[in-house]
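Reading through the structure tokens given below for one structure.
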Amino acid sequence: MQSESQQIRTPSVAIIGGGIAGATAAVHMAELGLNVHLIEKGSGLVSGPPICHLHAGGNLYREISTEQCIELLKQSIDTIRLYPQTVNKRPTVIAVPYSDGGSPEELYERLITIQDCYAQLVKQDIANKVLGEPADYYKFYSRDEIEALACLEQPKNPTTIDEWLIPFAKHADLDVLIFPVVAVQEYGWSVFRIAASATLALEKMPNCRLKAETQVIGVEESDQGWTVECVDREGNIEFLQVDYLVNACGYETGSIDDLAQKPRERLVEFKAAYVTHWPQCEELWPEVIFHGPRGTPNGMAQLTPYPDGIFQLHGMTKDITLFEDGLVASSADSSQPSLPLRLKTKIQKGWDDDVIIQRSRRAIEHMARFIPDYSVAHEFGTPLFGAQQIPGKDDTLRAADVTFEGKHYARVEVVKGSSAYEAAVKLVQQWQLFHYQDLTIEQLHPVTLALSEAEIESKAKELAQQRTYPQQLAQYYGQ
Ligand SMILES: Cc1cc2nc3c(=O)[nH]c(=O)nc-3n(C[C@H](O)[C@H](O)[C@H](O)COP(=O)(O)OP(=O)(O)OC[C@H]3O[C@@H](n4cnc5c(N)ncnc54)[C@H](O)[C@@H]3O)c2cc1C
């Protein structure tokens with residue numbers, strides 16, 4: 001039987017890992033008044049693998065189920081409601097080139113289902129209308145329509161989908177594309193503004209104690225909960241006693257699973273995107289996806305726009321975004337998949353300049369196959385890179401959140417950042433740490449939602465600079 005003082009004591013939770021998964025869980029739990037310890041071995045929050053696209057409908061992934069797309073849509077809507085200042089509102093164009101071997105028609109039926117789902121969500125709660133009018137969720141364009149747009153000047157502040165598509169219409173090589181192309185309201189997502197939002201919110205909540213530059217080196221389960229052994233930068237060891245333990249270590253989740261003796265199958269994949277500058281670009285681009293079979297020389301090309309002609313490029317070929325032996329699995333001996341040393345070294349020590357230039361150049365050439373004028377762009381500094389975990393054995397899984405072991409241990413294993421908020425809510429529900437009643441996301445997070453656009457952008461720019469990226473990646477872009 002618990003004593004009275006135990007019954008009224010606020011539950012304590014240790015979260016290991018301050019990426020988007022752990023930081024969002026900390027923000028959510030701290031807003032609910034819980035006693036939170038967030039332990040991050042790096043110097044700041046949300047500084048792991050990059051995030052540039054909010055997958056609000058999963059339309060970039062033709063291989064995933066409609067159920068996963070709907071899951072991603074719902075999670076993305078909640079994410080915008082939690083972190084409204086982190087998205088770059090502009091559409092994404094999805095084009096199928098002849099080199100892909102597929103057809104644009106494949107996208108059609110699923111888009112109707114996703115749009116219907118979005119309309120339902122808006123009907124249930126008008127606060128869900130964060131992706132524009134449901135009727136404008138997507139729009140198909142014939143070649144004639146795109147050619148007509150190519151004759152127009154883009155207004156200074158594009159607002160309609162048509163206006164956003166003008167640069168694509170002017171510069172894409174229409175002869176290599178199968179029509180129609182589609183534009184969908186999947187927005188950009190600034191990893192630096194996510195980092196800034198979480199950092200600023202947590203700074204304002206004293207019930208969350210952030211231990212940065214502190215690594216967890218041991219965990220032990222007891223009847224009461226968990227003991228967590230941490231070592232800080234100076235080598236000081238500290239033991240924390242908590243009721244609940246959340247493992248949110250991203251691609252290193254397996255190393256804590258090993259310490260906790262909670263085995264789990266998972267995959268880890270190392271990938272990179274390249275920061276490039278197209279100085280001649282004076283228009284505001286949408287994001288553009290040119291589909292292609294993954295891992296082949298025709299792999300998908302993705303152009304993500306930022307202010308001032310800065311673009312992030314992905315190319316799903318083995319010598320651009322993907323890497324030889326870059327996808328590894330856990331084993332019977334360890335839940336932690338082991339990346340080849342040359343990739344681990346990139347994460348721990350950074351990249352050689354010649355590799356940055358070589359891979360960025362290839363990314364630019366790959367994009368120029370579809371946008372010939374892009375060939376004049378040049379590399380613009382440190383690539384955005386990292387390893388991403390995928391729970392289980394299916395490397396196409398994109399919507400994953402949380403799993404529980406025993407009464408007091410959970411791992412948050414997100415593949416896409418937008419799953420982080422749902423995972424946080426599931427932790428609280430499973431452990432019955434708070435009764436949500438009918439409270440809205442906005443009512444549950446007064447501190448986070450009180451942050452201003454200006455303070456978030458300013459903090460995000462500071463973080464971008466510290467992490468050696470151009471400030472444009474932190475700035476607002478779009479409507
Ligand atoms: C090239 C690339 C592009 C991507 N693009 C997108 C995108 O556009 N949109 C999207 O939604 N997702 C994208 N992703 C996926 C996204 O980056 C990841 O899903 C997300 O960052 C995972 O967040 P996380 O918090 O789980 O892990 P992480 O961000 O890896 O955070 C885990 C944290 O745990 C800390 N840690 C680990 N071990 C310990 C320990 N023992 N003690 C203390 N701290 C520890 C680490 O330092 C790290 O900060 C992309 C991934 C890659 C690789």
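Whatever order the structure lists them in is the order used to number ligands and atoms, beginning at 1.
- Near ligand 1, residues Ile16, Gly17, Gly18, Gly19, Ile20, Ala21, Ile39, Glu40, Lys41, Gly48, Pro49, Pro50, Ile51, Cys52, His53, His55, Trp189, Thr214, Gln215, Val216, Ala248, Cys249, Gly250, Glu252, Ile256, Lys271, Ala272, His314, Gly386, Gln388, Val414, Val415, Lys416, Gly417 come within 4.0 angstrom through at least one heavy atom.
- Applying the 6.0 Å contact sphere to NZ of Lys318 captures no more than 12 heavy atoms from other residues, nucleotides or ligands.
- A pairwise comparison of heavy atoms in Val46 and Ala23 identifies CG2-CB, 4.2 Å as the closest pair.
- A ring-centre distance under 6.0 Å is not found for Phe311 and Phe380.
- Ring geometry for Phe290 versus Phe370: interplanar angle under 30°, hence parallel rather than tilted (30 to 60°).
- We find that Glu379 and Arg359 are not joined by a salt bridge, their nearest charged nitrogen and carboxylate oxygen being 4.0 Å or further apart.
- Among residues two or more places apart in sequence or in another chain, the side-chain contact (heavy atoms from CB on, under 4.5 Å) test is passed with Cys117 by Ile70, Leu73, Lys74, Leu121.
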